[in-house]
Peer 1: 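The structure follows.
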Amino acid sequence: MKIATFNINGIKARIDALPNWLGTAQPDVVLLQEIKSVDDAFPVTLFEDMGYNVETHGQKSFNGVAILSKHPLEDVTRGLPGDDSDEQARYIEATVMGERDALRVCGLYLPNGNPAPGPKFDYKLAWMERLIARAKELLAEETPFLMTGDYNIIPQAEDAAKPDSWRDDALFRPEARAAWRKLVNLGLTEAFRARTQGPGHYSFWDYQAGAWNRNNGIRIDHFLLSPVCADWLRDCQIDRDVRAGEKPSDHVPVWVELDF
DNA sequence: ATGCCTAGTTGCACTAGA
């Protein structure tokens with residue numbers, strides 16, 4: 001089963017590019033971030049006509065996540081537990097059945113956190129603690145799961161073309177990377193780094209200053225796999241070429257192939 | 001040192017992104 005993550009930076013703006021990529025890449029499941037749409041405005045029938053079930057967790061103007069799946073989605077939950085006052089739509093979960101096993105898929109749009117330090121950075125770190133708590137729950141249940149999406153975390157210097165320019169940024173600050181390691185060190189496998197080593201692999205290129213043409217990118221869209229799910233990993237790739245397409249998002253899709 | 005660009009709003013400039 002091919003499962004992808006894609007920060008589309010607005011469903012209205014990607015109304016052609018997203019279906020075009022779906023037709024080419026043929027993913028079974030896609031976790032979307034930054035749909036920037038309320039649920040009622042999401043073009044559900046467009047994707048249903050392509051064979052996808054659609055579950056959204058949107059809000060007006062900003063954020064918003066969704067799942068597209070060619071397989072039925074069961075037990076859908078919206079929002080990250082741990083703070084009832086949090087109204088930002090950044091998290092959705094559902095269960096997908098493979099040929100032999102069930103997989104819990106968690107789609108996330110982790111807060112950017114800039115400027116740092118400050119209240120937005122505090123919110124990012126608190127959000128990560130809630131994500132860690134949720135991962136601990138799923139591990140304790142021994143539910144096979146993956147957590148994927150736009151983490152807004154540059155894990156290592158090799159994950160940025162110009163790491164020095166990110167030194168004090170919320171995506172690279174030590175506190176954010178420490179929280180990332182705390183999550184991974186629960187026993188999760190980072191799918192891309194389980195298969196590919198070395199610098200030069202990015203999932204985001206800023207629209208500004210010719211970042212794409214200069215290949216000035218960062219790798220911030222990730223898959224974390226639970227131990228059982230990691231055993232199912234067959235491949236993980238970044239669809240880099242999507243960034244060169246017509247009216248692209250500033251992120252590109254990342255996907256895993258899982259045998260379950 | 002800052003903005004560079006893109007998206008969304010109900011706009012006629014702003015916020016937010018990363």
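When reading the values below, keep in mind they use all heavy atoms of this one structure, side chains included, and skip hydrogens, waters and symmetry mates. A note on names: the letters A, B, ... follow the listed sequences, proteins ahead of strands, and every chain is numbered from 1.
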Peer 1: By side chain to side chain donor-acceptor pair (under 3.5 Å), which residues pair with A/Ser226, not counting sequence neighbours?
Peer 2: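 Applying side chain to side chain donor-acceptor pair (under 3.5 Å) to A/Ser226 gives none.
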
Peer 1: Looking at residues at least two apart in the chain, or sitting in another chain, which of them share a side chain to side chain donor-acceptor pair (under 3.5 Å) with A/Glu129?
Peer 2: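 A/Glu129 satisfies side chain to side chain donor-acceptor pair (under 3.5 Å) with A/Lys182 once adjacent residues are dropped.
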
Peer 1: Rounding to an integer number of angstrom, what distance separates B/dT15 and B/dG11 when you compare their P atoms?
Peer 2: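 To the nearest whole Å, 15 Å.
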
Peer 1: May I ask you to list the residues sharing a hydrophobic cluster with A/Tyr91, side-chain cutoff 4.5 Å, ordered by chain and number?
Peer 2: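 Other cluster members: A/Leu80, A/Leu108, A/Leu110, A/Tyr123, A/Trp127, A/Met128, A/Leu131, A/Ile132, A/Leu138, A/Leu139, A/Phe145, A/Met147, A/Tyr151, A/Ile153, A/Trp180, A/Leu183, A/Val184, A/Leu186, A/Leu188, A/Leu224.
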
Peer 1: May I ask you to list the residues of residues 124-132 of chain A, by number, that have any heavy atom positioned under 4.0 Å from an atom of DNA chain B?
Peer 2: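 Nothing qualifies; none.
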
Peer 1: Roughly how far apart, to the nearest Å, are B/dC14 and B/dT10 at atom C1'?
Peer 2: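 These two C1' atoms come out 12 Å apart once rounded.
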
Peer 1: How long is the line joining CG of A/Asn213 and C1' of B/dC4, in whole Å?
Peer 2: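 The answer, rounded to whole Å, is 14 Å.
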
Peer 1: Just to verify, which of A/Gln237, A/Arg193, A/Glu158 counts as forming a side-chain contact (heavy atoms from CB on, under 4.5 Å) with A/His201?
Peer 2: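 Testing each of A/Gln237, A/Arg193, A/Glu158 against A/His201, the sole residue satisfying side-chain contact (heavy atoms from CB on, under 4.5 Å) is A/Arg193.
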
Peer 1: Side chain to side chain donor-acceptor pair (under 3.5 Å) with A/Glu137: which residues, sequence neighbours excluded?
Peer 2: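 Testing A/Glu137 for side chain to side chain donor-acceptor pair (under 3.5 Å), a comparison that skips the adjacent residues, returns A/Arg134.
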
Peer 1: For B/dC12 and B/dA18, measure between their P atoms and round to the nearest Å.
Peer 2: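 Straight-line distance between the two P atoms is 25 Å.
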
Peer 1: Output a table of donor-acceptor pairs, distance under 3.5 Å, between side-chain atoms of residues 43-53 of chain A and any protein atom two or more places apart or on a different chain; print 'none' if there are none.
Peer 2:
unit_1  : atom_1 : unit_2  : atom_2 : d
A/Tyr52 : OH     : A/Pro27 : O      : 2.7
A/Asn53 : ND2    : A/Ser69 : O      : 3.1
A/Asn53 : ND2    : A/His71 : O      : 3.1

Peer 1: Tell me every residue that passes side chain to side chain donor-acceptor pair (under 3.5 Å) with A/Arg130, counting only those two or more places apart in sequence or in another chain.
Peer 2: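 Once residues adjacent in sequence are excluded, the partners of A/Arg130 under the side chain to side chain donor-acceptor pair (under 3.5 Å) criterion are A/Asp86.
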
Peer 1: Could you work out the separation of B/dA13 and B/dA1 based on their P atoms and round it to a whole Å?
Peer 2: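 About 31 Å, rounded to a whole number of Å.
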
Peer 1: Name all pairs fulfilling the salt bridge (Lys or Arg N to Asp or Glu O under 4.0 Å) condition that reach into residues 103-112 of chain A, sequence neighbours left out, sorted by first residue then second.
Peer 2: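 For residues 103-112 of chain A, and leaving out neighbouring residues, the salt bridge (Lys or Arg N to Asp or Glu O under 4.0 Å) pairs sorted by first residue read A/Glu93-A/Arg104.
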
Peer 1: What is the separation between atom CG on A/Asn216 and atom P on B/dC5, rounded to the nearest whole Å?
Peer 2: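 One finds 15 Å between P of B/dC5 and CG of A/Asn216, rounded.
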
Peer 1: Classify every nucleotide of nucleotides 8-18 of chain B by which part a protein heavy atom approaches to under 4.0 Å, writing B for the base, S for the sugar-phosphate alone and - for neither, in 5'-to-3' order.
Peer 2: SSS-----SSB

Peer 1: Does a side-chain N or O of A/Arg14 approach OP1 or OP2 of B/dA7 to a distance below 4.0 Å, or not?
Peer 2: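 Result: yes.
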
